[in-house]
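Worth knowing before you read on, the calculation uses all heavy atoms, side chains too, and leaves out hydrogens, waters and symmetry mates. Note that the structure is a prediction, hence the values are computed from the model and not measured. In each ligand, atom 1 is the first atom listed, and ligand 1 is the first ligand listed.
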Amino acid sequence: MSSKSFLPPKRTLMGPGPSDVSERVLQAMARPTIGHLDPAFVGMMDDMKRLLQYAFQTNNALTMPVSAPGSAGMETCFVNLLEPGDKAIVCQNGVFGGRMKENVERCGATAIMVEDDWGKVVDPNKVEAALKAHPDAKLVAFVHAETSTGAQSDAKTLVELAHKHDCLTIVDAVTSLGGTPVLVDEWGIDAIYSGTQKCLSAPPGLSPVSFSERALDVIKQRKHKVQSWFLDLTLVMGYWGGGAKRAYHHTAPINSLYALHEALLMLEEEGLENAWQRHAQHHQALRAGLEAMGFNFVVAEQDRLPQLNAIYIPDGVDDAAVRSTLLQQHNLEIGAGLGALAGKVWRIGLMGSSCSMWHVEYCLTALDKVLSEMGARIKSGVAVDSAKAAFEQLKKAS
Ligand SMILES: *Cc1c(COP(=O)(O)O)cnc(C)c1O
């Protein structure tokens, strides 16, 4: 027998997700497994729905976690709202818009692409032009917080535009939920999905989703069966629908749900506004440190996501060597560039439990050390003081 228990190394996670999971959430996950129809578990599910409604700022009755990661939340939105022959306007300004296009096409629908450069936000003027050119479009789909670039699009304006042209909206809030404002009811979002491993800081594997009454009406009037049995909301709702008569659909990932429940409880205890402010302030601290070292950001200042900082790699620096040294010598994970930005940028996450001054200072110190030792032309020894000074100033002002 050569196998033994797997003991993962203790890392600090400052990439595009997963983020650090707190001891409190890990302990919740380790509690005893009970049956998925046990009345005690069902009580937890009801409370989970309330906590998710708070996180999404919605009263939508159909608000629940899909039993699979963020990509399954994405697929849940598309397969339930689209039918063969439909047309959907899909905005792409990074990796995840491309995944939306795949979903649309696999539903037998046509994707009308609205493209913007990586690092830029979705341009509402282009979306409006597409809506005018395609009056028969059924919905508009876009990524609120593009994790591949660190750009945040104006969800409120995009949803307004879509509604003006009688379209539904699908919004990817995987990275925004819990980090920056996501106001489902106020903005009128019809279908939204998120993930657990970004700013909620629970383990990966679940996808919170929420659907408006308007979206539900469209689902009820479908002519074709939803192509996916597992993600068909009319079936899933038999289990998550609430009330006493929950029916078996699939065995819920019970312990993962304990973890998500605890993470959402922590978010409620902190308060959404406070969580948003925490992400904004630590982003400014990290930014001050990175800029003092000589780094430049990919995204224009007003469009930056506080929880995902994409910076250009200095000339002549070996991307992979730096990241592997950070991991091996400092147990620190940061993200590589994707697609058009591969090899050109690093993505530093400040998500959920990974968003603290400890994380900011740890990351700046490790980056300074590794880059200096490699002979990179950065300004050494100034980053942490700059970050601390910026943070103190923000704290005083708030
Ligand atoms: C991470 C992410 C996803 C996919 O989530 P998984 O849990 O990896 O399936 C989708 N959209 C965005 C914007 C993301 O950041």
I'd like to know if the side chain of [X] pairs up with that of [Y] as donor and acceptor (distance under 3.5 Å, no hydrogens or angles considered).
| X | Y | result |
| --- | --- | --- |
| Q27 | R24 | no |
| E83 | H224 | yes |
| S19 | S201 | yes |
| S212 | N60 | no |

Compute the shortest N/O to N/O distance between [X] and ligand 1 and return yes if it is under 3.5 Å, no if not.
| X | result |
| --- | --- |
| D172 | yes |
| G70 | yes |
| R99 | no |

Near T175 (heavy-atom distance under 4.0 Å), the atoms of ligand 1 are 15 (O)

Sequence neighbours excluded, the answer for ring pair (Phe, Tyr, Trp, His ring centres under 6.0 Å) partners of F295 is none

Around [atom], find the nearest protein heavy atom and jot down its residue, atom name and distance.
| atom | value |
| --- | --- |
| atom 3 (C) of ligand 1 | F96 CE2, 3.4 Å |
| atom 15 (O) of ligand 1 | T147 OG1, 2.3 Å |
| atom 4 (C) of ligand 1 | S71 OG, 3.6 Å |
| atom 2 (C) of ligand 1 | K198 NZ, 2.7 Å |

Is Q197 near ligand 1, meaning one of its heavy atoms is under 4.0 Å from it? yes

Return yes when E146 approaches ligand 1 closer than 4.0 angstrom through a heavy atom, no otherwise.
no

Atom pairs and distances, donor-acceptor, side-chain atoms in residues 375-384, under 3.5 Å, two or more places apart:
residue : atom : partner : partner atom : Å
S380    : OG   : D368    : OD1          : 2.6
S380    : OG   : S372    : OG           : 3.3

With a 6.0 Å cut-off on ring centres, are W229 and H249 close enough? yes

With H144 as partner, the option from V182, L158, V174, I189 fulfilling side chain to side chain contact (heavy atoms under 4.5 Å, CB included) is V182

Contact region, A145 to ligand 1, non-hydrogen atoms below 4.0 Å, reads backbone

